[in-house]
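Only one structure is covered here, and it is reproduced in the block below.
By convention in this document, chain letters (A, B, ...) are assigned in the order of the sequence lines, proteins followed by strands, and residues within each chain are numbered from 1.
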There are 2 protein chains.
Amino acid sequence: MAEQLRVKVAELADFISSVFVHCGLMERDARITADVLIRADRRGIESHGVARLQRYVDDLKKGAIRARAEVKIVKETPVSLVIDGGGGMGQPITYDAMQKCINKARQNLMCFATIRNSNHYGIAGYYVLMALREKMIGISLTNTAPLVVPTFGRNVVIGTNPIAIGFPAGKERPFLLDMATSTVPRGKLEVYARKEQPIPDSWACGEDGLPSTDPVKMLNLMISRGGGGLLPLGGATELTSGHKGYGLSAMVDILCGVLSAGAYGTAVYGQKNVPAGVAHFVGAINPDAFLGLAELQRNLDNYIQMLKNSEKAVGQQRIYVAGEKEYEAEEQNAETVPLEPKVFDNLNRIGQEFGLTLSLA
Amino acid sequence: MAEQLRVKVAELADFISSVFVHCGLMERDARITADVLIRADRRGIESHGVARLQRYVDDLKKGAIRARAEVKIVKETPVSLVIDGGGGMGQPITYDAMQKCINKARQNLMCFATIRNSNHYGIAGYYVLMALREKMIGISLTNTAPLVVPTFGRNVVIGTNPIAIGFPAGKERPFLLDMATSTVPRGKLEVYARKEQPIPDSWACGEDGLPSTDPVKMLNLMISRGGGGLLPLGGATELTSGHKGYGLSAMVDILCGVLSAGAYGTAVYGQKNVPAGVAHFVGAINPDAFLGLAELQRNLDNYIQMLKNSEKAVGQQRIYVAGEKEYEAEEQNAETVPLEPKVFDNLNRIGQEFGLTLSLA
């Protein structure tokens, strides 16, 4: 882990949202987007945090993300929504969609929204956290740029398409699963390339579609679009059940891109300098649809304790529950958030253009 | 593949349902259960087919499955159900629940049911097929006997907890993902034990919680409950993302056992000679909740073709879509179904007690 600096959460939020306002976003959309990014850093998911600011700024400047997109409700029922994001920022589009789902779930017990013509929406789990705050079950899925090779394929066709789902507990922290359906994200290969270490053979395959343990070669192939790519959860073969990760990734793409009549597979980020067409699926379920919140919380507490109290493997001290590490990180980063020096410098370089400065905590 | 005999589907259905009627089931429940089992054999999932008849018969005889269970609707809303199966056969309980979901989804666009106090329900995909027949999206989850070790654990706490989800296509066959959340089922270890071949290290771990490649040792440990067990999809470590399979398994358990206030984790099959307390979650979504059937079918056809037409890995001729192999098997086994000679003999031995004979096609 590199040396880390710390900045105040409140100041970082002001800084990030100011940058977005300078890029043309409305104040509220800028605030929402900043909150999604900072929440990722607070939860220890730096890959999806403020380190991505440059990319969003670039996309806003060249119109690949529309700062003032017209978001349309294409279809609305008591329990569902189809939304067209108009090529806007993924975060406010999805925030609003999830808020509508929560409101409808309060009235009608559940609601699901499929969303097309959006953009990168940050961590999938953010929108689940919105439902959890309202003591509801939340779900959030998104397709992504095609980075993953289907089982028995050799080219990227599907995304890392994450699945996030959360359930409110009582005394315990919520259960919050937030996982890409590839074995690992591309960033993990970069870490191993820097360390000059071989990667496990379930992470990536080469231009022949066969697994490789060479992270440098795999990254170069991905950057040059020379074939090969990340492998689905389970790896390259049916022997290790890579077809299951592939199936889950396709499921996400269907609920997002196919169901919304938006972009899916290779069509996501299919053209340069135009909106990427990322598609999402979010939803909220009111526990009153089943046995109510108190009963859910009581049973989920027991379930989580059963998992955590189970005997540990040799060399292990803890069994974790989905989301637990991220909640612990978030609690540690309540007031200030850690940033790598390189990220801190990049933020200030971006801010310079708009006369904005970020200082250390 | 061992030598296989073939029997007529219609005769097998009569035979299996007659056995169940002799064990106390009502004719309709017996017919439904037979159909679920034979559908598995037709779809090439022999592990969940009529080969399991002996186990169901044994459980019915000792009261571990109640032949005439009182199934209660604990809670009902326009879009949800909580059902108590009363310790009955999993197949008719879940068939009825899914049928109710489909009926409600026709009226109210979607419905989900969580079901407690049930038993082994066969292939998860069967209930999704019911929704697909009605041109709806279907989902089916179940918890199972604890056979899987959580990440960093050493004892079985969670089940192989399958996820099945399906979407109706137009010209293409439906997309039907039906996957256990463990890397493999126990049956795969048995195959490798017979072949005296080592297993991949993502399949099972020993009593120390560390992965093992010895299938015989792993099976003996599982049978003696000596610790160790199957590994979640992704294997034993976070390096290969075993925590994702573990998270998915827990998600299934929460939607089934926790949400229904039923049995979960080690409580499933927790006591001998009483109902196992298996819990399920099924649901149906009407495409009219989103953009309607025709739009879904059109986009899903395109998506499936995109996957299938993608370039193949070296040595591969086809990229499969979830469910495709099973649909092809089912079409081949429309009139007759293949059975291993051992299974055929076992069925006749079971039938003998009730004066029933099964003949070859």
Among B:L210, B:N302, B:I158, which has the most heavy-atom pairs under 4.5 Å with chain A?
-> B:N302

What option among B:R154, B:R318, B:R298, B:K75 has the most heavy-atom pairs under 4.5 Å with chain A?
-> B:R154

I'd like a table of donor-acceptor pairs (distance under 3.5 Å, sequence neighbours excluded) in which one partner is a side-chain atom from residues 243-259 of chain B, with atom names and distances.
residue, atom, partner, partner atom, Å
B:K244, NZ, A:A180, O, 3.0
B:K244, NZ, A:S182, O, 2.9
B:K244, NZ, A:T183, O, 3.2
B:Y246, OH, A:Y320, O, 2.7
B:S249, OG, B:G159, O, 3.1
B:S249, OG, B:N161, ND2, 3.2
B:D253, OD1, B:N143, ND2, 3.0
B:D253, OD2, A:Y303, OH, 2.9
B:D253, OD2, B:G265, N, 2.9

Give, for atom OG1 of B:T114 and atom CG of A:L291, the distance between the pair rounded to the nearest 0.5 Å.
->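 CG of A:L291 is found 7.5 Å from OG1 of B:T114.
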
Spatial distance of atom CG (A:N286) from atom OG1 (B:T77) [nearest 0.5 Å] | 9.5 Å

So which bits of residues 307-314 of chain A come within less than 4.5 Å of chain B, counting non-hydrogen atoms only?
->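 Hits under 4.5 Å: A:L307, A:S310, A:E311, A:K312, A:A313, A:V314.
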
Any side-chain heavy atom of B:W203 sitting closer than 4.5 Å to one from A:L239?
->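 When only atoms from C-beta onward are counted, A:L239 and B:W203 do touch, with a gap below 4.5 Å.
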
Heavy-atom closest pair (A:A289 atom, B:S80 atom, distance to 0.1 Å) is O-OG, 2.6 Å

When heavy-atom pairs shorter than 4.5 Å are enumerated against chain B, which of [options] gives the highest number?
| options | answer |
| --- | --- |
| A:V79, A:L296, A:N155, A:L109 | A:V79 |
| A:E76, A:M110, A:E295 | A:M110 |
| A:I304, A:D288, A:V74 | A:D288 |

Considering only heavy atoms, which portion of B:T151 lies under 4.5 Å from any heavy atom of chain A: side chain, backbone, both, or neither?
-> backbone

